[in-house]
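Just so it is clear, the values below take in all heavy atoms, side chains as well, and ignore hydrogens, waters and symmetry mates.
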Amino acid sequence: MPGLAADAKQHRVAIQVDQNDPAVMNLALNNATNIMEQYKAKGEEVQVEIVTYGPGLHMLRADTSPVQDRIKQIAQASFPSSIKFSACGNTKEGMEKREGKAISIVSEAEVVPSGAVRLMELQEQGWSYLKP
């Protein structure tokens, strides 16, 4: 049925992480996993984007993230849904200036110009918003 997919509601959620706290990031990852599993059980897909900025950027830094293995595991297990990790470019630049060195982000993440603007734009596009 070609028209069926067009009728299905698109499920999309943006999750904000702005604290350098593994408990908060793990809660965000738990939320993402539970959301994806719930829709998988219903035969539906969901797009999840975890947006980090400020102190939360540490959760996506290759040198400081305490949850790298879990991020990799969740990214690999997300099908048929998708999960994306966005790192704030403004925060990354500020950290690099302060620390005097380049900072690398985990391979599952991508740098966006601004985490706050990314969250705004996703909500303007109709994404649901969650802050663990």
N/O donor-acceptor pairs under 3.5 Å from side chains in residues 109-118, not counting sequence neighbours:
residue : atom : partner : partner atom : Å
S114    : OG   : A116    : N            : 3.4
S114    : OG   : V117    : N            : 3.1
R118    : NE   : E49     : OE2          : 2.7
R118    : NH2  : E49     : OE1          : 2.8
R118    : NH2  : E49     : OE2          : 3.3

Taking distance alone, no hydrogens or angles, what donor-acceptor pairs closer than 3.5 Å link side-chain atoms of residues 122-132 to residues at least two apart or in another chain?
residue : atom : partner : partner atom : Å
Q123    : NE2  : L119    : O            : 3.2
Y129    : OH   : Q16     : OE1          : 2.4
K131    : NZ   : D18     : OD1          : 3.2

Residues 23-38, side-chain donor-acceptor partners within the protein, below 3.5 Å, at least two apart:
residue : atom : partner : partner atom : Å
N26     : OD1  : R70     : NH1          : 2.8
N26     : ND2  : P22     : O            : 3.1
N30     : OD1  : R70     : NH1          : 3.2
N30     : OD1  : R70     : NH2          : 2.5
N30     : ND2  : N26     : O            : 3.4
T33     : OG1  : L29     : O            : 2.8
N34     : ND2  : N30     : O            : 3.3

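If you chain together hydrophobic residues whose side chains sit under 4.5 Å apart, V48 and V51 never meet in one group. Cluster membership for I15 and L60, using ILVMFWY side-chain heavy atoms within less than 4.5 angstrom, is shared.
In this structure, the separation between OG on S81 and CD1 on I74 is 12.5 Å, given to the nearest 0.5 Å. A distance of 4.5 Å separates CD of Q47 from OG of S82, quoted to the nearest 0.5 Å. In this structure, I50 CD1 and M59 CE are separated by 12.0 Å, a value rounded to the nearest 0.5 Å. Of the inter-residue distances, the one linking E96 atom CD with K92 atom NZ reads 3.5 Å to the nearest 0.5 angstrom. Here the OG atom belonging to S65 is positioned 9.5 Å from the CD atom belonging to E108, to the nearest 0.5 angstrom. Put simply, CE on M95 and CD1 on I103 are 6.0 Å apart, with the number rounded to the nearest 0.5 Å.
Residues that satisfy the side chain to side chain contact (heavy atoms under 4.5 Å, CB included) test with T64, not counting sequence neighbours, are H58, R61. Every ring-ring contact (aromatic ring centres under 6.0 Å, His included) that Y39 has, sequence neighbours left out, goes to H11. Residues that satisfy the side chain to side chain contact (heavy atoms under 4.5 Å, CB included) test with Q73, not counting sequence neighbours, are absent from this structure.
Under the side-chain contact (heavy atoms from CB on, under 4.5 Å) test applied with L57, the options N20, V17, T52 reduce to a single match, T52.
Considering only heavy atoms from C-beta on, I71 stays 4.5 Å or farther from Q76 through its side chain.
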- Query: What do the steps show when you test K72 against Q68 for side chain to side chain contact (heavy atoms under 4.5 Å, CB included), and what is the final call?
  - Reply: CA-CA 6 Å; K72 190 181 301 284; Q68 293 183 58; over 6 Å; no
